[in-house]
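Quick notes on the structure that follows.
Ligands are counted one by one from 1 in listed order, and the atoms in each one are counted from 1 as well.
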Amino acid sequence: MSLLWTYHQQGSHLLLQSSLSNILRSIVTTSIHTRARQSPYVGTKDVQRTAVPDSKVSWKVNWPGYKATEYTASKVLKNPPWADDPDAKKIKGFNEFDGKIDRRSFMGEYEIDDKTNRPRNPAGRTGLSGRGLLGHWGPNHAADPVITRWAKNQPNFKGKVLEIVLINRKDNNHLALPGGMIDEGENAFVAAKREFLEEAMNSNDDAVVEQIDKLFENADSIYKDYVDDPRNTDNAWMESEAIDAHDETGELTKDLKLEAGDDAAKVKWVQLDRVRNLYASHESMVRIAVKKHGAYEYWHDNQHSSETTDDTNNK
Ligand code: BGC
């Protein structure tokens with residue numbers, strides 16, 4: 001009902017789409033974080049998080065003796081340009097956007113500790129305090145481009161199959177969307193486009209940028225959420241926004257020369273015909289795009305295997 005209300009009141013196609021995305025999002029996302037409680041902390045051999053049982057993840061559950069392990073990586077403490085001051089008391093504007101850094105959370109307003117001025121992870125306890133590997137106190141925003149078109153050779157499934165641009169990440173060989181962190185001054189659309197150019201095109205040539213600009217002309221934000229990421233801590237966490245750019249006719253992408261760059265070891269068009277166990281929350285993002293475009297919903301079909309990485313090279 002609210003969907004129709006929004007549509008009739010505003011008469012806006014875009015608003016209808018974003019309401020639809022919210023509904024789809026609530027269907028595919030899960031709640032309690034697990035990767036954010038894994039030990040040892042990612043990138044270390046010996047940093048053990050305090051064990052947090054499922055029943056005590058929520059801050060609403062009283063746990064007077066809770067003491068998280070304090071850890072911030074030395075490269076973050078060195079105060080590089082992408083990181084905040086080590087002292088959270090120096091940060092102004094939590095829960096705000098100062099025009100450069102967006103410290104607002106997709107989860108709503110988060111709490112700030114009175115004594116330390118540290119933000120509190122809205123998804124609950126992680127067993128680790130400090131920032132771990134993350135630069136910002138509070139939310140750290142990433143953007144993920146979801147670039148799709150219809151597969152040329154349609155397999156005989158119960159619907160039309162999409163293909164999507166995926167990379168193999170250099171750090172863990174996982175199949176992933178070619179996304180990355182949003183830099184100061186960028187919004188998710190700008191960051192998704194830049195990351196796509198860096199990781200999937202390895203180019204900044206004017207002609208290539210123009211091609212990608214065209215592809216992003218009708219881009220749409222389809223997912224914005226907290227991510228259950230192994231880097232998360234009690235005071236710093238990842239949030240991602242997925243940007244969907246779909247090439248309905250295939251014309252805009254037919255001459256695209258994919259080339260892996262930056263954090264990507266490989267890049268390819270991959271048919272969305274079976275579950276492939278993608279990195280972070282990328283599977284949820286891809287499913288929203290599949291539903292949005294009315295494509296074959298491969299995850300309902302058990303005959304297709306699940307795998308962590310993928311080296312099929314379907315161009
Ligand atoms: C990755 C994104 C991912 C985010 C949250 C970023 O480092 O580049 O693709 O969505 O982390 O896990």
Looking only at heavy atoms of [X], does any of them come nearer than 4.0 Å to an atom of ligand 1?
X: His282; answer: yes
X: Gly180; answer: yes
X: Glu239; answer: no

Tell me which protein heavy atom sits closest to [atom], plus the residue, atom name and distance to 0.1 Å.
atom: atom 6 (C) of ligand 1; answer: Arg231 NH2, 3.5 Å
atom: atom 1 (C) of ligand 1; answer: Arg169 NH1, 4.0 Å
atom: atom 9 (O) of ligand 1; answer: Asp144 OD1, 2.5 Å

For Ala280 and ligand 1, does the shortest N/O to N/O distance drop below 3.5 Å?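 It does not: no N or O of Ala280 is found under 3.5 Å from an N or O of ligand 1.
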
Just which atoms of ligand 1 are under 4.0 Å from any heavy atom in [X]?
X: Met238; value: 4 (C), 5 (C), 11 (O)
X: Gly179; value: 8 (O)
X: Val227; value: 5 (C), 12 (O)
X: Ser240; value: 3 (C), 4 (C), 5 (C), 10 (O)
X: Asp229; value: 5 (C), 11 (O), 12 (O)

Looking at every non-hydrogen atom in both residues, tell me the closest pair between Asp234 and Gly127 and how far apart they are.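 That would be OD1-N, 3.7 Å.
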
Following the transitive rule for hydrophobic clusters with a side-chain heavy-atom cut-off under 4.5 Å over Ile, Leu, Val, Met, Phe, Trp and Tyr, establish whether Trp59 and Leu128 coincide in one cluster.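 Different clusters: Trp59 never reaches Leu128 through Ile, Leu, Val, Met, Phe, Trp or Tyr contacts under 4.5 Å.
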
Should Phe216 and Val190 count as side-chain neighbours, where that means a heavy-atom distance under 4.5 Å?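 Not touching, per the 4.5 Å side-chain cut-off.
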
Is a donor on one side and an acceptor on the other found under 3.5 Å between the side chain of Asn117 and the backbone of Ala88?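 Yes.
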
Starting from Phe94 and following side-chain heavy-atom contacts under 4.5 Å between hydrophobic residues (I, L, V, M, F, W, Y), which residues can be reached?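 Ile91, Met107, Tyr110, Ile112, Trp137, Tyr226, Trp237, which link up through side-chain heavy atoms under 4.5 Å apart, make up the rest of the cluster.
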
Count the heavy atoms belonging to other residues, nucleotides or ligands that lie under 6.0 Å from CD of Gln48, then report whether that count exceeds 12.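 Enclosed.
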
I'd like a table of donor-acceptor pairs (distance under 3.5 Å, sequence neighbours excluded) in which one partner is a side-chain atom from residues 196-208, with atom names and distances.
from	atom 1	to	atom 2	distance (Å)
Glu198	OE2	Arg194	NH1	3.3
Asn202	ND2	Glu259	OE2	2.9
Ser203	OG	Asp205	N	3.1

Pairwise distance CZ(Arg35) to CG(Asp229) - rounded to 0.5 angstrom: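 Output value for this atom pair is 8.0 Å.
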
Quick one: does ligand 1 sit under 4.0 Å from the side chain of Arg35, the backbone, both or neither, non-hydrogen atoms only?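 None of Arg35 does.
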
Scan side-chain atoms only and decide if Asn168 and Lys268 contain a donor-acceptor pair under the 3.5 Å cut-off.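 Yes, side-chain donor-acceptor contact under 3.5 Å.
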
